[in-house]
Amino acid sequence: MPDWVEGKLYFYADSPARRIMDLFSVKWSSMVLHALYHWSEGRARTGELQRSLQGISKKMLFQTLKELESRGLIARHVYDVVPPKVDYRLTPLGRTFAEPIETLYQWGLENQAALDEMDALHQGAAGEV
């Protein structure tokens, strides 16, 4: 947790909150984890993921997959076949990380009106600048 110093809250660079938020610095991380969490048999091929994540480019998907793999949240499985076949799956750590993301997404489903209101406020504020 952050530290309290002289009655003020400090989030140091190595604090858990900052480290978790760093995982979200790649825009699509939570969506990839969400997709894999719900995917049939718990694994998906690259093309399947790209088709399911409207708006993600192939380059961004590969960067996101590489980042999540390097952090141990997903595993890449290469099949020994021609043509090559690769799929991605959540690791046990990735599964535990995806569970709170699911809670956030569920909040979004239950509070769509609030999200619409936030978007409208943001659009209005952006128009005033």
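The structure presented is a predicted model; accordingly, all values stated were derived computationally and were not measured. We're numbering straight along the sequence, starting at 1.
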Worksheet item: CG/Leu49 to CH2/Trp39 distance, rounded to the nearest 0.5 angstrom?
Response: 5.5 Å

Worksheet entry | Residue pair Trp107 / Thr103, side-chain heavy-atom distance below 4.5 Å | no

Worksheet entry | Qualifying residues under salt bridge (Lys or Arg N to Asp or Glu O under 4.0 Å), relative to Arg18, sequence neighbours excluded | none

Practice prompt. List the atom of Ser29, the atom of Leu23, and the distance in Å for their closest heavy-atom pair.
Written response: OG-O, 3.3 Å

Fill in: All side-chain hydrogen bond (donor to acceptor under 3.5 Å, both in side chains) counterparts of Asn111, not counting sequence neighbours
none

Worksheet entry | Taking every non-hydrogen atom, the tightest pair across Ala98 and Tyr37 | CB-CD1, 3.6 Å

Discussion item. Are more than 12 heavy atoms, taken from residues, nucleotides or ligands other than Gln106, located less than 6.0 Å from that residue's CD atom?
Written reply: yes

Worksheet item: Between atom CG of Leu104 and atom CD1 of Ile101, what is the distance when rounded to the nearest 0.5 Å?
Response: 7.5 Å

Item to complete: Take Val86 and Tyr79, measure what side-chain contact (heavy atoms from CB on, under 4.5 Å) needs, and give me the verdict at the end.
Response: CA-CA 6 Å; Val86 176; Tyr79 295 86; over 6 Å; no

Worksheet item: Which side chain to side chain donor-acceptor pair (under 3.5 Å) pairs, counting each pair once, include a residue from residues 62-74, with sequence neighbours left out?
Response: Asp22-Arg71, Glu67-Arg71

Practice prompt. Check for a donor-acceptor pair, side chain of Gln112 on one end and backbone N or O of Leu109 on the other, with a separation under 3.5 Å.
Written response: yes

Worksheet entry | Over all atoms of both residues, closest heavy-atom pair of Leu61 and Thr46 | CD2-O, 3.4 Å

Worksheet item: Have Ser30 and Tyr105 got a donor and an acceptor in their side chains that come within less than 3.5 Å?
Response: yes

Fill in: Pairwise side-chain contact, Leu65 with Arg76, heavy-atom cut-off 4.5 Å (strictly under)
no

Practice prompt. Enumerate the residue pairs fulfilling salt bridge (charged side-chain N to carboxylate O under 4.0 Å, His left out) with a member in residues 86-97, sequence neighbours excluded, ordered by first and then second residue.
Written response: Arg43-Asp87, Asp87-Arg89

Item to complete: Applying side-chain hydrogen bond (donor to acceptor under 3.5 Å, both in side chains), name anything that partners His38, two or more places apart in sequence or on another chain.
Response: Glu102

Worksheet item: If you measure from CZ on Phe24 to CG on Leu33, what distance do you get to the nearest 0.5 Å?
Response: 7.5 Å

Practice prompt. Can you see which heavy atom on Gly72 is nearest to which on Thr91, and at what distance?
Written response: O-OG1, 2.6 Å

Item to complete: Linking directly or through intermediates, with side-chain heavy atoms under 4.5 Å: list the remaining ILVMFWY members grouped with Phe62, chain and number order.
Response: none

Worksheet item: Can you name the nearest heavy-atom pair linking Ser57 to Met60, along with the distance?
Response: OG-N, 3.0 Å

